[in-house]
Amino acid sequence: MSPRATARPGGRSARVQQSVHQAVRDLEAEQGREALTVPLIAARAGVTPSTIYRRWGDLRELLSDVAVERLHPDAPPADHGSLRADLEAWTEQFAEEMSSQVGRVYIRDALLGDPEQGNAARCSDYAAEQLKAIGVRAAGRGEAVPEVETLLDVVVAPLMYRILFRPSDLSSAYTDRLVRAALDRP
């Protein structure tokens with residue numbers, strides 16, 4: 001998110017962000033992505049176009065901000081009783097969600113509207129937080145847990161590459177191989 005788009009919790013800034021984000025989601029659902037314009041979004045959100053330009057810069061940056069919000073996980077990762085089972089389930093779900101048509105649009109929006117890559121870092125942080133939660137839970141059960149960076153490098157990075165550039169094989173067998181590679185490392 002660009003520095004302009006940083007909102008404090010509560011207050012007018014948060015209300016503006018919420019209403020503009022909701023306007024983007026509603027208009028996209030009603031009229032399609034191609035119809036989105038800053039004036040149209042501003043009118044729906046009850047703000048002036050200059051508010052959007054001042055806060056987000058342009059439509060692409062606004063769409064990037066909305067995408068990052070939508071990519072944030074809704075809940076902590078499910079507990080399946082072991083590190084391997086938790087990672088396999090999380091990785092399969094991550095692959096399914098991110099490789100969907102909507103998921104790919106959000107990934108591209110998050111990256112394209114953010115020349116400074118702050119949104120990319122936020123999205124990476126979301127995955128890291130989920131993996132850390134899985135690891136903390138596994139460590140509490142006495143299991144050996146790889147570093148979060150290892151999981152990002154061995155599981156998430158190749159998965160994101162496949163999602164964006166080679167989406168033909170995103171099966172559970174593929175995601176399980178990634179988890180196995182991460183857990184069976186020396």
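Small disclaimer: the values here were computed from a predicted structure and weren't measured.
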Problem set entry | Nearest heavy atoms of Pro49 and Pro39, plus distance in Å | CG-CA, 4.1 Å
Problem set entry | Within one Ile-Leu-Val-Met-Phe-Trp-Tyr cluster: Leu71 and Leu164, side-chain cutoff 4.5 Å | yes
Problem set entry | Sub-4.5 Å side-chain heavy-atom contact between Val179 and Leu151 | no
For this session: Sorted by first residue and then second, give each ring-ring contact (aromatic ring centres under 6.0 Å, His included) pair with at least one member in residues 144-173; sequence neighbours left out.
Result: Tyr161-Phe165
For this session: Consider only side-chain heavy atoms of I, L, V, M, F, W and Y, link residues closer than 4.5 Å, and tell whether Val154 and Val145 are in one cluster.
Result: no
Seminar exercise, completed: The reported gap from CG in Leu36 to CD in Glu34 (rounded to nearest 0.5 angstrom) is 8.0 Å
Problem set entry | Side chain to side chain, Leu27 and Ile41, heavy atoms closer than 4.5 Å | yes
Exercise. Roughly how far, to the nearest 0.5 Å, is CD1 of Ile134 from CD of Glu88?
Worked result: 11.0 Å
Exercise. Does the side chain of Arg25 pick up a donor-acceptor pair with the side chain of Gln22 at under 3.5 Å?
Worked result: yes
Problem set entry | Test item: Met98 and Leu159 side chains (from C-beta on) under 4.5 Å apart, heavy atoms | no
Exercise. How many angstroms lie between atom OH of Tyr106 and atom OG of Ser64, to the nearest 0.5 angstrom?
Worked result: 12.5 Å
Exercise. When you look at Asp58 and Val38, which way does the side-chain contact (heavy atoms from CB on, under 4.5 Å) test go after all the steps?
Worked result: CA-CA 8 Å; Asp58 62 21; Val38 169; over 6 Å; no
Exercise. Around Gln31, counting heavy atoms of other residues, nucleotides and ligands shown, do more than 12 lie under 6.0 Å from its CD?
Worked result: yes
Problem set entry | Beyond-backbone contact of Asp79 with Arg141, side-chain heavy atoms, under 4.5 angstrom | yes
Exercise. Between Gln130 and Pro76, what is the shortest heavy-atom contact and its length?
Worked result: NE2-CA, 3.9 Å
Exercise. Taking a hydrophobic cluster as the set of Ile, Leu, Val, Met, Phe, Trp and Tyr residues connected by side-chain heavy atoms closer than 4.5 Å, whether directly or through intermediates, do Ile107 and Val105 fall within one such cluster?
Worked result: no
Exercise. What's the verdict on side-chain contact (heavy atoms from CB on, under 4.5 Å) for Leu87 and Leu183, showing C-alpha distance, side-chain angles and the deciding distance?
Worked result: CA-CA 10 Å; Leu87 282 175; Leu183 296 182; 3.7 Å; yes
Exercise. More than 12 non-hydrogen atoms from neighbouring residues, nucleotides or ligands closer than 6.0 Å to CZ on Arg60, yes or no?
Worked result: no
Problem set entry | Neighbour count >12 (heavy atoms, 6.0 Å) for atom CD, Glu143 | yes
Exercise. Is there side-chain contact between Phe94 and Thr175, with heavy atoms separated by less than 4.5 Å?
Worked result: no
Problem set entry | Exam field: side chain Asp109 to backbone Ala67, donor-acceptor pair closer than 3.5 Å | no
For this session: Please answer whether the main-chain N or O of Val16 pairs with a side-chain N or O of Ser19 as donor and acceptor at a distance below 3.5 Å.
Result: yes
Exercise. Which heavy-atom pair separates Ala182 from Pro146 by the least distance, and what is that distance?
Worked result: O-CG, 4.1 Å
For this session: Mind telling me whether His72 and Tyr126 have parallel, tilted or perpendicular rings, with 30° and 60° as the class edges?
Result: perpendicular
Exercise. At what distance, to the nearest 0.5 angstrom, does OG of Ser99 lie from CD1 of Ile163?
Worked result: 5.5 Å
For this session: Compare all side-chain heavy atoms of Arg54 with those of Thr51 and state whether any distance is below 4.5 angstrom.
Result: yes
Seminar exercise, completed: Of all heavy-atom pairs linking Leu63 and Arg33, the shortest is CD1-NH2, 3.8 Å
Exercise. Would you call Gln17 and Asp65 a side-chain contact if the rule is heavy atoms closer than 4.5 Å?
Worked result: yes
Exercise. Short question: side chain of Ser124, backbone of Ala120 - any donor-acceptor pair under 3.5 Å?
Worked result: no
Exercise. Do Met160 and Leu112 share a hydrophobic cluster, counting only Ile, Leu, Val, Met, Phe, Trp and Tyr and linking them when any side-chain heavy atoms are less than 4.5 Å apart?
Worked result: no
Exercise. What is the minimum heavy-atom distance between Ala138 and Leu83, and which atoms define it?
Worked result: CB-CB, 3.7 Å
Exercise. Does any pair with a residue in residues 144-170 pass salt bridge (charged side-chain N to carboxylate O under 4.0 Å, His left out), and if so which ones, sequence neighbours excluded?
Worked result: Asp169-Arg177
Exercise. Rounded to the nearest 0.5 Å, how far apart are NE2 of His21 and CG of Asp26?
Worked result: 13.0 Å
Problem set entry | Closest approach of Ala35 to Leu40 (non-hydrogen atoms, all atoms of both residues) | O-CD2, 3.5 Å
Exercise. Side chains of Glu30 and Arg44: does their closest heavy-atom pair fall under 4.5 Å?
Worked result: yes
Seminar exercise, completed: The reported gap from CG in Leu178 to CD in Glu92 (rounded to nearest 0.5 angstrom) is 12.0 Å
